[in-house]
Asks: 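Pasting in a structure now, in structure tokens, and then I'll have a few things to ask.
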Amino acid sequence: MPPTPQVGFVNIALLPTRLDTGQPVTDARVTLLARGEERKGVLARIAGEADTDFEVVAVNSPENPTIYRANLKFEEAGNWALSIRVESPTSGSGGFETPIVILPQPIEPGGQGVWVFLGVFVVLMGGGIYIAWSIRKAQSAQRARLQDSQ
């Protein structure tokens with residue numbers, strides 16, 4: 001969550017299961033490693049860059065021991081690689097890597113949105129005042145012509 005990940009906190013829920021039986025794993029240690037795209041790949045491995053941008057441990061709860069949750073705080077938008085490692089004393093270990101795209105934060109109300117709103121408001125009010133002024137000017141010109149013709 002959110003459905004479209006964006007800069008800020010992203011909550012990830014995982015349901016690790018055994019490959020052979022499909023049963024959920026409830027005694028696992030689930031670790032998530034996030035790395036920005038510029039540090040991922042063959043060149044980073046050749047250069048010996050093994051450090052990740054951040055590492056988080058996902059935890060389960062007694063109420064729902066099959067779902068593991070982790071909160072990750074992304075401070076930059078862009079393409080990220082998310083490595084997930086699951087280690088269980090009874091089920092063994094496994095992992096995978098998946099890409100995740102983090103979008104920039106939308107304009108928040110109270111920030112830049114206020115200036116956009118005020119700009120649109122001023123333009124609409126100015127247009128309304130101009131139309132009212134034009135109508136009055138046309139009416140007084142028409143009255144002046146009627147008085148001159150009489």
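Note: hydrogens, waters and symmetry copies are ignored here, and every other heavy atom, side chains too, is used.
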Asks: Could you report the tightest heavy-atom contact between Pro62 and Pro65, atom names first, then the distance?
Replies: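 Result for this residue pair: O-CD, 3.7 Å.
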Asks: What pair of heavy atoms forms the shortest contact from Glu97 to Ser83, and how long is it?
Replies: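 Nearest pair, atom of Glu97 first, then Ser83: OE1-OG, 3.1 Å.
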Asks: Determine whether the aromatic ring centres of Phe74 and Phe54 lie less than 6.0 Å apart.
Replies: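 Aromatic pair counts; centres sit under 6.0 Å.
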Asks: What donor-acceptor contacts under 3.5 angstrom involve side-chain atoms of residues 120-143, with partners at least two apart or in another chain?
Replies:
residue, atom, partner, partner atom, Å
Ser134, OG, Tyr130, O, 2.9
Ser140, OG, Arg136, O, 3.1
Ser140, OG, Lys137, O, 3.3

Asks: When rounded to the nearest 0.5 angstrom, what is the spacing between CG in Asn60 and OG1 in Thr66?
Replies: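 Reported to 0.5 Å precision, the distance equals 8.0 Å.
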Asks: Kindly indicate whether the side chain of Ile102, heavy atoms from C-beta on, has any atom under 4.5 Å from the side chain of Val7.
Replies: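 Yes, their side chains come closer than 4.5 Å.
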Asks: Let me confirm one number: the CG-CD distance from Leu72 to Glu75, rounded to the nearest 0.5 Å.
Replies: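 Leu72 CG to Glu75 CD: 12.0 Å, rounded to 0.5 Å.
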Asks: Evaluate whether atom CG of Leu19 has more than 12 neighbouring non-hydrogen atoms of other residues, nucleotides or ligands under 6.0 angstrom away.
Replies: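 It does not: Leu19 CG has 12 such atoms or fewer within range.
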Asks: Identify every side-chain donor-acceptor pair in residues 26-34 under 3.5 Å, counting partners at least two apart or on other chains, and give the distances.
Replies:
residue, atom, partner, partner atom, Å
Asp27, OD1, Ser88, OG, 2.6
Asp27, OD1, Thr90, OG1, 3.3
Asp27, OD2, Thr90, OG1, 2.7

Asks: Does Val59 reach the side chain of Arg69, with side-chain heavy atoms less than 4.5 Å apart?
Replies: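 Val59 vs Arg69: side chains apart.
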Asks: Side-chain contact, heavy-atom cut-off 4.5 Å: Ile12 with Leu82?
Replies: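 Yes - at least one pair of side-chain heavy atoms lies under 4.5 Å apart.
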Asks: Could you pull out the closest heavy-atom pair between Ala77 and Pro104, with the gap in Å?
Replies: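 Distance-wise, the nearest heavy atoms are CB-N, 3.7 Å.
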Asks: Kindly compute the distance separating CG (Leu14) from OH (Tyr68), expressed to the nearest 0.5 Å.
Replies: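 The distance works out to 10.0 Å.
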Asks: If every non-hydrogen atom of Gln6 is compared with every non-hydrogen atom of Gln105, which pair is closest and at what distance?
Replies: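 Shortest heavy-atom separation between Gln6 and Gln105 comes out as OE1-CA, 4.2 Å.
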Asks: Using only atom types and a distance under 3.5 Å, with no angle test, would you say the side chain of Ser149 pairs donor to acceptor with the backbone of Leu146?
Replies: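 Checked: pair present.
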Asks: Spell out, yes or no, whether Val56 and Trp80 are grouped together once hydrophobic residues are joined by side-chain heavy atoms under 4.5 Å, including indirect joins.
Replies: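 Shared cluster, yes.
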Asks: Please list all pairs meeting salt bridge (charged side-chain N to carboxylate O under 4.0 Å, His left out) that have one or both residues in residues 77-92, counting only residues at least two apart or in different chains.
Replies: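 Found Arg85-Glu87.
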